[in-house]
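Since the structure comes first, as structure tokens, the remarks are kept for the end.
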Amino acid sequence: MSRAPVLLFACQGVDQAAWLAALRRADPGLEVRVWPAVGDPAEIDYALLWKQPPGLLDGMSGLKAIFSMGAGVDNVLLDASLPAHIPLVRMVDPSLVAGMVEFVVMQVLHYHRSMPAYRQQQEVLHWQPLPQRLASERRVGLLGLGELGAASARALTGFGFDVLGWSRGPKALPGVRCFHGADGLRALLAQTEILVCLLPLTPDTSGILNRKTLSHLPHGAYLINAARGAHLVEADLLPLLEEGRLAAATLDVFAVEPLPADHPFWTHPAITILPHAAAQTLPQTAAPIITANIARHRQGQGLSHVVDRGRGY
Ligand code: NDP
Ligand code: OXD
């Protein structure tokens, strides 16, 4: 490729100006075209996608790699016409990982230190210290031990929590009780007081947070879903809260986003809602990661963080 490489930018719901400036800063030699101003489709070498319209890459005969702006590629893969032979690269960015670790630690501490109960007491002007538990006496279960799950596990063990983790294959992480497979999931859930979902959304994990699985949790457990809305069977959540199986839930992601105004989750006192903001891909750190990967590819080296299409993550 002797001409400047061309990157197609087709990302919805992001700060486009900030991204274009960051990509320009990261590699002034990269030509960035913003969809739908594609020009000659055959000239597109790389595509950066997020919630792109289906069929967008049709006719891009020179395409060499597809980049997902997010760590999760489920929305990019929704496009059935996405060329299967072109490598799909997901976002792995230490800043994104740090953002998720902050979020997980914040929410775990919120429940561990009884903040919902103190809030309720404040509302009725009630002054009453509640029993305080040691972190080592609190069992936190992480579903997913990848980039985000493993880093969250490390941070939580640093606080002294009793951390359990679940992955697809067997894993060994210092200070973490690791489980895998269907039996492993049941064993983890039975011991988990605060459950954090950091799984990719695949056919195997869709709906994994449902009445049957969550009923393995001890009474009064907490749920934090920072992965994808479709991991949770939403209709099962309210009964689980009413029965007390779950004491509260923090949800960052939803089956339909933005969460519709009439959705019952908005006003439920035991549900904390965030607008898919647990950890954002920031252009100032992510753009150089993408351009460095493109540069490596142009030098004939392999791309980093290519998705295994068979596994779906
Ligand atoms: P990784 O691919 O690094 O890790 C995925 C983990 O999930 C791995 O440990 C993997 O197991 C495990 N896993 C996958 N499938 C299964 C299964 N069927 N059973 C058990 N374990 C399974 O992903 P990341 O950590 O980078 O990201 C995880 C997800 O977080 C993303 O896919 C995205 O959906 C979500 N996310 C949400 C954000 C937000 O703001 N809310 C921001 C960024 C990401 P194994 O190790 O054995 O392969
Ligand atoms: C991601 C996300 O997958 O922001 O990176 O959800």
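Scope of the values below: all heavy atoms of this structure, side chains included, with no hydrogens, waters or symmetry mates. None of these values were measured; they are calculated from a predicted model. Counting convention: from 1, in listed order, for ligands and their atoms alike.
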- Contacting atoms of ligand 2, where contact means under 4.0 angstrom from a heavy atom of R228: 1 (C), 2 (C), 3 (O), 6 (O)
- Could you tell me if any non-hydrogen atom of G70 lies under 4.0 Å from any atom of ligand 1? no
- Note on the structure: the protein heavy atom lying closest to atom 43 (C) of ligand 1 turns out to be L148 CD1, 3.7 Å
- Message: Below 4.0 Å, non-hydrogen atoms only: which portion of H276 touches ligand 2? Side chain, backbone, both or neither.
- Response: side chain
- Task: For L198 and ligand 1, answer yes if some heavy atom of the residue is under 4.0 Å from a ligand atom, otherwise no.
- Result: yes
- Query: So is there a nitrogen or oxygen of L201 less than 3.5 Å from a nitrogen or oxygen in ligand 1?
  - Reply: no
- Can you tell which part of Q280 has a heavy atom less than 4.0 Å from ligand 1: side chain, backbone, both or neither? neither
- Distance to 0.1 Å, residue and atom name: give those for the protein heavy atom nearest to atom 1 (C) of ligand 2. A71 N, 3.4 Å
- Message: Less than 6.0 angstrom separating the ring centers of F161 and H112, yes or no?
- Response: yes
- Query: Under 4.0 Å from any heavy atom of G169, which atoms of ligand 1 are there?
  - Reply: 47 (O)
- Could you tell me if the ring centre of Y46 sits under 6.0 Å from that of H297? yes
- Task: With heavy atoms only and a cut-off of under 4.0 Å, state how H180 meets ligand 1: side chain, backbone, both or neither.
- Result: neither
- Query: Is ligand 1 under 4.0 Å from a heavy atom in the side chain of L199, in the backbone, in both, or in neither?
  - Reply: both
- Looking only at protein heavy atoms, which one is nearest to atom 45 (P) of ligand 1, and how far off is it? Y313 OH, 3.6 Å
- Query: In terms of residue, atom name and distance, what is the protein heavy atom nearest to atom 6 (C) of ligand 1?
  - Reply: G146 N, 3.6 Å
- Task: Check each heavy atom of D204 against ligand 1 and say whether those closer than 4.0 Å belong to the side chain, the backbone, both or neither.
- Result: side chain
- Which of the ligand 1 atoms, numbered from 1, are nearer than 4.0 Å to a heavy atom of R228: 33 (C), 34 (O), 35 (C), 36 (N), 37 (C)
